[in-house]
Colleague: 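The following block contains the structure, expressed as structure tokens.
Note that these values count all heavy atoms, side chains included, but never hydrogens, waters or copies made by symmetry.
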Amino acid sequence: MFIESATMGGNCIAVKKDSPAKKPPASPKKTLKTVPASPTKKKGLTLTVFSFDALPEIEVFLFAKNDVDDGYLGSLRDYLNGNLGKHDDIDALKIHSLVDRRVAGSANCSMPQEDKPQYNRSLFFRYPMTGQSTIETRQAALQMLKRFFGKEGFNYHKYPITNITLSDKTNELKFSKLDDWFKDKTIQIILENDIAEQYQNDDFVDVFPAYAKRLLRGPHFGPFAKKLGFARLVYDEDSDEDE
């Protein structure tokens, strides 16, 4: 059974759990078959948003069927690539991009879906036009996205999706770090947009050590983070504000 990506020698590998050895049956007789239970209704989809304490100008979104599989993001990917018709809500949101989700603590590994491990899990983010994420901007964005995913013609299902639960988890996730969620390339895009150009060098962690610790957790840093000096940054065990 497939579990997730893991890191070995700096590479992402698939980790599989061996099936337990089958025990011999207690009797060769046929077992009595139980009446199958009525099929349960599928769990609805959840659209989640949160913002970082260190980067309140960013809003991050997750669309999931459950804890291990994404919702139906193909329509959003196609829309962002210009392959679907116009949708005013999504245009107004100005979503930056849809990117692979990272296995937290890994050497830049993508997180696979459990039901379809050949596909990676994704997330997307945006910069609110107000310049900073607030309860109001997050709630408005959730409602706009719900209309998009639920509108016929903008999803890959015969009927519009209506069972979408909206969730703002900023209070729970605001002290998480960029590398808990994003891969190195996306982290570079975000940091280049956030940090003034004169500080995008090896002196960054020396000048702003406390701020740097709020951005990335490590221990695996991409080329741009290394350029900023993160590889030599010393993290205190109690440095996380959420612990």
Colleague: Within a strict 4.5 Å, meaning less than it, do heavy atoms of the Ser122 and Asp70 side chains meet?
Modeller: yes
Colleague: Salt bridge check, Asp53 against Arg214: does any charged N sit closer than 4.0 Å to a carboxylate O?
Modeller: yes
Colleague: Only counting residues at least two apart or in another chain, list the ones meeting side-chain contact (heavy atoms from CB on, under 4.5 Å) with Leu80.
Modeller: Leu76, Ile95, Leu98
Colleague: For the side chain of Ser97 and the backbone of Val99, is there at least one donor-acceptor N/O pair under 3.5 Å apart?
Modeller: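 No, Ser97 side chain to Val99 backbone: no donor-acceptor pair under 3.5 Å.
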Colleague: Look at the side-chain heavy atoms of Ile, Leu, Val, Met, Phe, Trp and Tyr, link any pair under 4.5 Å apart, and say whether Leu47 and Val68 land in one connected group.
Modeller: no
Colleague: Which atom names give the shortest non-hydrogen contact between Ile187 and Arg102, and what distance separates them?
Modeller: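 That closest heavy-atom pairing would be CD1-NH1, 3.8 Å.
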Colleague: Applying ring pair (Phe, Tyr, Trp, His ring centres under 6.0 Å), can you list everything that pairs with Phe61, at least two apart in sequence or on another chain?
Modeller: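 By the ring pair (Phe, Tyr, Trp, His ring centres under 6.0 Å) rule, Phe61 matches Phe124.
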Colleague: Applying salt bridge (charged side-chain N to carboxylate O under 4.0 Å, His left out), name anything that partners Asp100, two or more places apart in sequence or on another chain.
Modeller: none
Colleague: Under 6.0 Å between the ring centres of Phe52 and Phe175?
Modeller: no
Colleague: Check side chain to side chain donor-acceptor pair (under 3.5 Å) between Ser51 and all other residues, then give those that pass, not counting sequence neighbours.
Modeller: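 Counting only residues at least two positions away or on another chain, Ser51 forms no side chain to side chain donor-acceptor pair (under 3.5 Å).
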Colleague: The criterion is side chain to side chain donor-acceptor pair (under 3.5 Å); which residues satisfy it with Asp168, sequence neighbours excluded?
Modeller: Arg138, Thr170
Colleague: Please identify each residue that fulfils side-chain contact (heavy atoms from CB on, under 4.5 Å) with Lys227, with sequence neighbours left out.
Modeller: Phe224
Colleague: From Leu73 CG over to Tyr79 OH, what is the distance, rounded to the nearest 0.5 angstrom?
Modeller: 15.5 Å
Colleague: Under the ring pair (Phe, Tyr, Trp, His ring centres under 6.0 Å) test, which residues partner Phe208, sequence neighbours left out?
Modeller: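 Per chain and number, Phe208 pairs via ring pair (Phe, Tyr, Trp, His ring centres under 6.0 Å) with Tyr199, Phe204.
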Colleague: When clusters are formed by joining ILVMFWY residues with side-chain heavy atoms under 4.5 Å apart, either directly or through shared neighbours, do Leu55 and Ile189 land in the same one?
Modeller: no
Colleague: For Asp69, check side-chain contact (heavy atoms from CB on, under 4.5 Å) against everything at least two apart and list the hits.
Modeller: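 Residues passing side-chain contact (heavy atoms from CB on, under 4.5 Å) with Asp69: Lys65, Asn66, Gln113, Glu114, Asp115.
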Colleague: I'd like to check the salt bridge (charged side-chain N to carboxylate O under 4.0 Å, His left out) partners of Arg77; sequence neighbours left out, ordered by chain and number.
Modeller: none
Colleague: Could you tell me whether a side-chain N or O of Gln200 sits under 3.5 Å from a main-chain N or O of Ile195, the two making a donor and an acceptor?
Modeller: yes
Colleague: Compute whether any side-chain donor of one residue and acceptor of the other, for Glu57 and Ser133, lie under 3.5 angstrom apart.
Modeller: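 Side-chain D/A pair, Glu57 to Ser133: absent.
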Colleague: Please find the pair of heavy atoms, one from Arg217 and one from Ser176, that lie closest to each other, and give the distance.
Modeller: NH2-CA, 4.1 Å
Colleague: Suppose the criterion is salt bridge (charged side-chain N to carboxylate O under 4.0 Å, His left out): which pairs have a residue in residues 186-204, not counting sequence neighbours?
Modeller: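 Only Asp202-Arg232 qualify under salt bridge (charged side-chain N to carboxylate O under 4.0 Å, His left out).
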Colleague: For Asp88, what residues pass the side-chain contact (heavy atoms from CB on, under 4.5 Å) criterion, not counting sequence neighbours?
Modeller: Lys86
Colleague: Excluding sequence neighbours, so at least two apart, what forms salt bridge (charged side-chain N to carboxylate O under 4.0 Å, His left out) with Arg101?
Modeller: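 Arg101 satisfies salt bridge (charged side-chain N to carboxylate O under 4.0 Å, His left out) with no other residue.
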